[in-house]
Amino acid sequence: MNGTHPPPELPFREETEAPDIPWQVTARMFYANKAAVLGLIGFTVIAVVGLFGPAILQADPFDIVGAPLTGPGEPRPMGTDYLGRDVLAGMIHGTRPTLMMAVTATGFAVLIGISIGALAGFYGGRLDNLLMRITEFFQVLPPLVFAMVIVAIFGASFVIVILAIGVTTWTDLARLTRAEVLKIKEREFVMAARAIGMRNRPLIVGVLLPNALPPLVIAVTLQVGFTIIYEAALSFLGLTDPEIMTWGRMIGLSRDFFFEAWWSVTFPGLAILFTTLCIALVGDGLNDALNPRLRGR
Amino acid sequence: MPAVTGKPPVLEVDGLCVDFAVRRKQVRVLSDISFTVGRGETLGIIGESGCGKSMTALALLRMIPSPPGRITAGRVLLDGEDLIQVPEKRIRAIRGGEISMVFQEPMTSLNPVYTIGNQIAETIRRHKGISGAAAWKEAVDLLDMVHIPAPERRVHEYPHHLSGGMRQRVMIAMALACEPTVLLADEPTTALDVTVQAQIFDLLREIQEVHGTCIVLITHDFGAVSEMADRVLVMYAGHKVEEGTLDEISGEPRHPYTQGLLRSMPEIVDDPADIRERLPEIPGTVPDLLRGLEGCPFAPRCPSAMPKCRDRPGYTRLGDHRSVKCWLASEGTGDRVGS
Amino acid sequence: MTKRHLLAVDDLHVHYRLARPHLFGARPTLRAVDGVSLSVERGRTLGLVGESGCGKTTLGLAVLRLVEPTGGTVTFDGMELRSLGAEALLDVRRRMQIIFQDPYSSLNPRQNAGDIVRSPLDVQRVGSPSEREERVAELFSLVGLRPNQRNLFPHQFSGGQRQRISIARALALNPDLIVCDEPVSALDVAIQAQILNLLGELQEDLHLTFVFISHDLAVVQHICDEIAVMYLGVLVEKASRRTLFRSPRHPYTRALLSAVPARRASRRTERIRLEGDIPSPINIPPGCRFHTRCAYAQDRCRVEVPELVEKAPGHWEACHFETSPRAG
């Protein structure tokens with residue numbers, strides 16, 4: 001018997017099982033996490049309110065509809081603020097700008113942060129040094145003060161506020177991306193991609209960044225929640241567009257009347273709390289679902 | 001070669017079974033493993049990755065992660081004491097005391113933020129309850145025993161100052177801190193270069209001669225087994241497929257898996273041929289335990305498989321400490337490796 | 001270098017400048033490869049043997065210019081690689097490929113097997129998309145993977161299967177030279193034989209030239225035609241397989257050979273035990289680099305660097321002494 005028989009047809013493990021597609025595994029892990037699913041449901045509800053709410057409740061949130069500082073009851077379930085504006089209308093009409101603000105400002109920060117982090121991590125050397133010094137420069141500035149300066153110079157329009165938030169919050173993402181790229185760069189499949197003649201740009205965009213994604217996804221979800229609170233802080237200081245109602249703005253405007261009319265501050269505050277909580281839960285769920293060590297259980 | 005029989009076994013493992021709960025299924029990762037190790041003896045456990053050899057070592061110390069793992073049957077007798085039954089407190093004393101372990105990766109097994117002296121002295125203090133200064137002195141002696149040059153100076157160094165071979169010596173020193181009766185060495189030389197491997201084997205042999213320690217050497221490398229072991233246990237897919245002395249296993253292996261394994265290894269010869277010969281390979285890959293195994297676990301890859309192999313074979317005893325789990329052996333028609 | 005040689009490396013150096021140990025310290029230099037010359041004939045396999053840290057992997061990467069050499073030349077099929085510009089280098093990359101040791105980290109976990117094998121074709125824009133798909137199918141069957149495994153991801157394969165994917169990727173562009181960096185070290189013995197046989201078959205069928213890097217002398221003996229033994233960045237011995245194993249000359253080579261555990265007791269003959277570890281490539285000992293661990297070291301070895309010279313036909317050694325070949 002000196003090995004002349006043909007090798008038997010063997011069922012390999014990877015053929016007998018249904019292919020484990022990574023996103024399916026991720027989805028299964030995510031759905032197994034009750035808190036994350038609740039967070040996702042909550043966020044969907046908020047998004048639906050933001051999308052369709054203004055069409056259903058067509059009241060203008062800036063209209064004065066009743067006596068100032070009326071408590072919750074018929075016909076205004078959330079009462080009115082110090083000018084007699086409907087808090088519920090403000091809540092519903094404020095949803096879309098608040099979410100848009102949060103998403104676009106975060107997107108802007110992500111764009112800057114990931115580009116700078118990826119370039120610094122990939123090329124290293126002097127470019128890394130330069131970009132990291134720039135990042136540190138932005139990091140040591142108090143972000144709120146910096147954003148205030150930008151808004152003060154360029155005016156408090158919606159776009160400027162988004163840019164101001166983006167410009168002052170990208171540094172953590174840049175550092176995280178750089179650290180991930182530095183780690184992944186050392187892995188052999190990157191060397192293998194270079195060995196087949198892949199140029200630098202496709203290497204960064206097609207190989208390095210997709211592998212750096214899991215921690216970035218988590219960071220970004222957390223960043224969205226952070227941006228909402230950050231915008232609230234700017235509104236609180238009166239540094240946002242006066243034409244647009246956001247939750248943060250509502251709190252900012254009514255802050256002096258908290259003891260007379262708790263409802264005008266508490267409801268938008270709860271909405272912010274609820275949204276950031278939902279996003280944090282989703283982020284946490286993604287964190288677990290994307291962690292390969294927790295897979296296959 | 002020391003005599004195999006006649007020594008009272010220090011460690012006796014009898015019918016050990018371990019199950020893992022994976023995706024609501026019970027998966028048997030160790031099936032009916034039995035062996036004994038006598039004083040001053042070395043047992044080599046050899047097999048491919050995933051065959052359960054490391055799991056065996058962990059099960060002996062009740063260190064399998066639980067859940068999902070569970071020891072479902074069997075006894076582990078250390079000088080007559082059943083380690084499966086003893087209370088938690090006793091097994092903690094045994095770990096690192098009577099039985100200690102040396103792992104494959106000396107870098108990750110040592111804590112990088114403490115000096116090596118700290119780590120060894122801590123182990124000694126915990127198990128022997130002696131003062132810090134005395135433990136420190138013993139640490140220096142231990143480093144000397146494992147032939148680390150200038151031990152008085154080395155105790156103050158951190159793991160990253162040491163080379164791989166030196167770190168493995170430190171691990172061995174730590175394992176020896178409480179004069180164990182049994183040393184479980186899980187791939188102790190796999191991460192090391194051949195010349196350093198040889199040094200570590202010399203050291204282990206020396207320690208064994210002086211202290212009469214039993215060594216259970218777990219490895220995928222038959223070279224390491226042939227260097228150290230008196231007896232060998234071959235594992236496949238959680239089963240003990242063959243057991244025998246080193247000469248029996250390397251000279252006349254009876255299980256087709258052992259035969260295939262030995263033949264597939266290139267061996268250094270002093271006078272190689274000019275043409276490259278094809279290595280006899282074992283086709284396919286190890287089975288996935290998740291799918292559950294029926295019959296002989298090796299049958300799908302076995303060149304001598306026959307209809308009967310759909311039923312699981314039992315152990316065929318061929319003598320003292322010599323058994324094969326194969327239908328061929330039970331019929332007495334086992335064909336031998338022709339080399 | 002003659003026409004027969006596909007690859008010639010001459011006096012190759014790869015030095016790394018490290019960071020300053022402290023503010024006013026000099027920047028130390030790590031000499032990973034420190035003057036290596038060798039050549040490989042077409043269709044043959046050159047083995048590079050040595051312990052970890054001896055520079056064999058760096059040498060392999062420098063040959064492909066995946067790390068930049070700091071001195072010396074690499075000539076591939078008549079072209080001097082170090083003088084090539086970035087674009088010309090990308091073209092040459094088609095003809096030289098690499099297979100890595102660790103099949104777990106050498107495959108992009110986010111690409112499926114088929115896309116991994118296809119990526120060289122996509123990157124180099126070879127053929128039309130449907131032709132690329134055909135080529136992938138062809139490569140799959142060449143390395144013993146099945147067509148229905150095309151859409152599976154690396155983590156669903158065993159180590160041996162992953163190494164087959166690696167090999168298929170390396171073959172995609174029809175290279176002439178493949179650097180195999182410890183391709184079987186991370187695999188189980190039974191699987192090692194499968195991969196070694198596969199590499200052997202592919203070499204014959206496709207007329208490939210291999211540079212085979214390994215620390216495992218048994219594997220090297222099995223697969224290599226020529227063997228170069230490396231120690232601390234330099235070659236200490238170079239010979240054909242037969243010569244090297246029949247009559248190893250250098251004390252280091254002999255120590256390596258005797259350290260390999262023998263399967264049968266009969267081969268356990270002479271034992272040369274090396275003391276200590278390989279010195280750091282930052283702090284290379286003067287004179288013969290091996291003198292700190294050599295049993296035969298004399299005063300001369302501590303000062304004078306031995307050259308790699310041809311001591312017998314086709315048998316090169318870097319030692320001051322006429323070490324008599326081991327009695328057969």
Side-chain angles (χ1 to χ4, degrees), chain B residues 1 46-51 147 149 162-166 189-199 201-202 220-228 246-247 250-251 257 260-274 276-286 288 301 339, chain C residues 45 50-54 157-161 187-197 200-201 203-204 215-225 240-242 244-247 252 255-265 267-268 271-278 280 293 326 328:
Chain B
M1 194 122 319
I46 188 167
E48 293 176 83
S49 49
C51 72
H147 305 306
L162 304 175
S163 66
M166 283 295 165
T189 58
T190 306
L192 305 174
D193 284 311
V194 272
T195 57
V196 183
Q197 265 182 25
Q199 297 169 2
F201 286 138
D202 286 346
H220 71 280
D221 178 6
F222 198 82
V225 163
S226 65
E227 191 83 347
M228 283 292 298
L246 177 62
D247 288 344
S250 67
Y257 176 65
L261 202 62
L262 286 173
R263 269 185 305 198
S264 67
M265 280 186 288
E267 197 185 7
I268 292 188
V269 290
D270 294 336
D271 192 12
D274 269 335
R276 186 194 299 154
E277 282 160 22
R278 205 183 147 80
L279 289 168
E281 56 186 67
I282 305 177
T285 51
V286 288
D288 181 9
R301 300 172 78 187
S339 60
Chain C
T45 303
E51 292 177 278
S52 54
C54 73
F157 290 92
S158 62
Q161 302 279 27
L187 306 176
D188 277 316
V189 259
I191 306 300
Q192 274 192 11
Q194 294 177 2
I195 298 296
L196 287 175
N197 284 338
E201 282 163 23
Q203 178 166 42
E204 271 179 31
H215 70 276
D216 186 336
L217 285 158
V219 167
V220 164
Q221 181 184 60
H222 175 75
I223 202 154
C224 300
D225 305 306
S240 72
R241 163 176 45 184
R242 204 147 183 204
L244 190 90
F245 283 95
R246 197 188 265 174
S247 49
Y252 179 60
L256 270 184
L257 275 168
S258 80
V260 175
R263 194 187 313 165
R264 278 175 248 293
R267 243 205 84 233
R268 273 188 217 172
R271 280 252 185 234
I272 309 169
R273 279 289 187 264
L274 289 185
E275 290 302 319
D277 300 303
I278 188 164
S280 155
R293 297 172 80 192
R326 185 170 66 184

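Letters A, B, ... mirror the listed sequences (proteins, then strands); counts begin at 1.
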* Structure fact -> Sorted by chain and number, sequence neighbours left out, side chain to side chain contact (heavy atoms under 4.5 Å, CB included) with Cys224(C) holds for Thr45(C), Phe212(C), Val220(C), Ile227(C)

* To do: Heavy-atom distances under 4.5 Å only: say whether Gln203(C) touches chain B with side chain, backbone, both or neither.
  => side chain

* **Contact class of Pro149(B) relative to chain C, heavy atoms under 4.5 angstrom** => neither

* Does Gly223(B) offer a backbone N or O that forms a donor-acceptor pair with the side chain of Asp221(B) under 3.5 Å? -> yes

* **Part of Leu217(C) within contact of chain B (heavy atom distance under 4.5 Å)** => both

* Asked: When heavy-atom pairs shorter than 4.5 Å are enumerated against chain B, which of Gly50(C), Gly53(C), Ala193(C), Gly160(C) gives the highest number?
  -> Ala193(C)

* If only atom types and distance count, is the side chain of Glu267(B) paired as donor or acceptor with the main-chain N or O of Leu262(B) below 3.5 Å? -> no

* Structure fact -> Bottom line for Gln221(C): the part with an atom under 4.5 Å from chain B's heavy atoms is side chain

* To do: For the pair Asn197(C) (side chain) and Arg278(B) (backbone), establish whether a donor and an acceptor sit closer than 3.5 Å, ignoring hydrogens and angles.
  => no

* Okay, side chain of Arg241(C), backbone of Asp225(C): is any donor-acceptor separation there less than 3.5 Å? -> no

* Where does Ile223(C) contact chain B at under 4.5 Å (heavy atoms): side chain, backbone, both or neither? -> both

